[in-house]
Amino acid sequence: MTDPHRPLYHFTPAKNWMNDPIPFFWDGVHHIFFQHNPEAPGWGNMHWGHAVSRDLVHWEELPIALVPTPGGPDREGVWTGSVVEHDKTFYAFYTGQPGQVQCLATSRDLIHWEKHPGNPIIARRPDGYGDCFRDPQVWREQDAWFMVIGSEQPDHKGGAALLYRSENLNEWQYQHPLLLGDVRQTDFEFECPDFFPLGGKSVFLSSQNNTWWQTGTYDSGRFTPEHIAPADGDKFYAAKTLHDRRGRRLLFGWLREGRSDDEMRTAGWAGVLSLPRQLTLQRDGTLGFAPPSELNALRGRHQHFEALTVADGLHVLDGVQGDVLEVLVQFEPTDTAGIGLSVRCAPDGADGVELLYDPRTQRFGNVPLALDRRDGLALHVYIDRSVIESFANGRACQARRTYPTRPDCLHIALCARGGTVRVKSVDVWEMKPLCPA
Ligand code: FRU
């Protein structure tokens, strides 16, 4: 039976569970390793699955890359990490379970991997940090390799990003924290850290409840944040980046399900890879997010509307229907209480997923978005059955999941709250499915 909630142009493994993506770009190919339970559509028994794409649109699932070794330091799970290349060898760093120890595997082709005989390469956490000690992220600087491991300060004070250094990728020396977080800003631990330069500044990503970004300055192994915000709501998690041939920094997250364990078991799959989000450093030092242009290759039939007026309430778009769509809406500037879209709604506008910007609180969903009075909201939404991903003015994102029980939740409504709103234009494209339904 076909599953009406399974996305058609987002990647999800053929069956069973996925969580965190581990992106890596090499020789024209985008690789996504990902946390995968190959035996059940629920979390546990973690392996590294593997998918590749040459165009950021079509993804091919390859054989599983990393499997727990019976009796080994990763016998209970191969958790999240990162991949680097050095002298024609690929190095995959990951957290082995039990005990959250750091391990290494190497490969010549990114397909066949060999575990390092000296695993675990980091067996103990430095004193003074809590249980979380995982998800190693590695990068090269002029004179050495560096690794950051996600951890936590005691008593839920905040996350800790622990910095290690190596000359040879095998032996690692603990240095000091790259960054200590504040629980009031970025929650209590730093899962899935990612650290990279962008536009003359540095960016640090971490996850707990949400994925958080921080932009700031990096000097002598220490990062000083200047701007901090959540990257999205709680459906977009464990997001990490790759740096591709065109010099783009692309962010991929795990789109969590909103279904019960029983529903996931019945469906036989769980977890979706987000669309790539191209990161930029904005003039004000905050992070910008945009869908890469490759996604336009998915566009099919197009509909265009202009100069619409939305009186307080919902205005269902005439003649627009579908659950595999891209929608671009340009609103005129306004200071009413809320503007946006209701997507996957019924013909009368009921039961949809509302993607609203509130000009008074300057929030788009969970995320701050301070629009200038002269700037109207530009809302860009990708609808792929149960997956909704949206971008507001290239600066704030909101991913949602929806599992409508009514088969007629295929409509789109413009929303205005507490006033009349004018809409410059609406563009809707049917998207071409990549996967069999
Ligand atoms: C984040 C996370 C990581 C961990 C992995 C295990 O979702 O908890 O910190 O390595 O999932 O699957």
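FYI, side chains are in, hydrogens and waters are out, and symmetry mates aren't considered; it's all heavy atoms of this structure. Residue numbers count from 1 along this sequence. Note that the structure is predicted; figures quoted are calculated from it, not measured. One-based numbering, in listed order, for ligands and for the atoms of each.
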For ligand 1, which atoms sit closer than 4.0 Å to a heavy atom of [X]?
X	answer
E191	1 (C), 2 (C), 7 (O), 8 (O), 9 (O)
W79	4 (C), 6 (C), 10 (O)
M46	12 (O)
Y237	1 (C), 7 (O)

Among all protein heavy atoms in this structure, tell me which lies nearest to [atom], with the distance rounded to 0.1 Å.
atom	answer
atom 12 (O) of ligand 1	Q35 OE1, 2.7 Å
atom 10 (O) of ligand 1	D135 OD1, 2.6 Å
atom 11 (O) of ligand 1	D20 OD2, 3.1 Å

Subject >> Candidate list L162, I122, I149, test side-chain contact (heavy atoms from CB on, under 4.5 Å), partner Y174, passing option >> reply: L162

Side chains of [X] and [Y] only: does a donor on one sit below 3.5 Å from an acceptor on the other?
X	Y	answer
T286	D284	yes
N45	N37	yes
W429	D427	no
E141	W139	yes

Subject >> Within-shell test, Y94 vs ligand 1, heavy atom, strictly < 4.0 Å >> reply: no

Original post:
Hey, what's the ring geometry for H50 with H31, parallel, tilted or perpendicular (30° and 60° as the breaks)?
Top reply: parallel

Original post:
Side chain, backbone, both or neither: which part of N19 comes within less than 4.0 Å of ligand 1 when only heavy atoms are counted?
Top reply: side chain

**OP:** To the nearest 0.5 Å, tell me how far L410 CG sits from Q321 CD.
**Re:** 5.5 Å

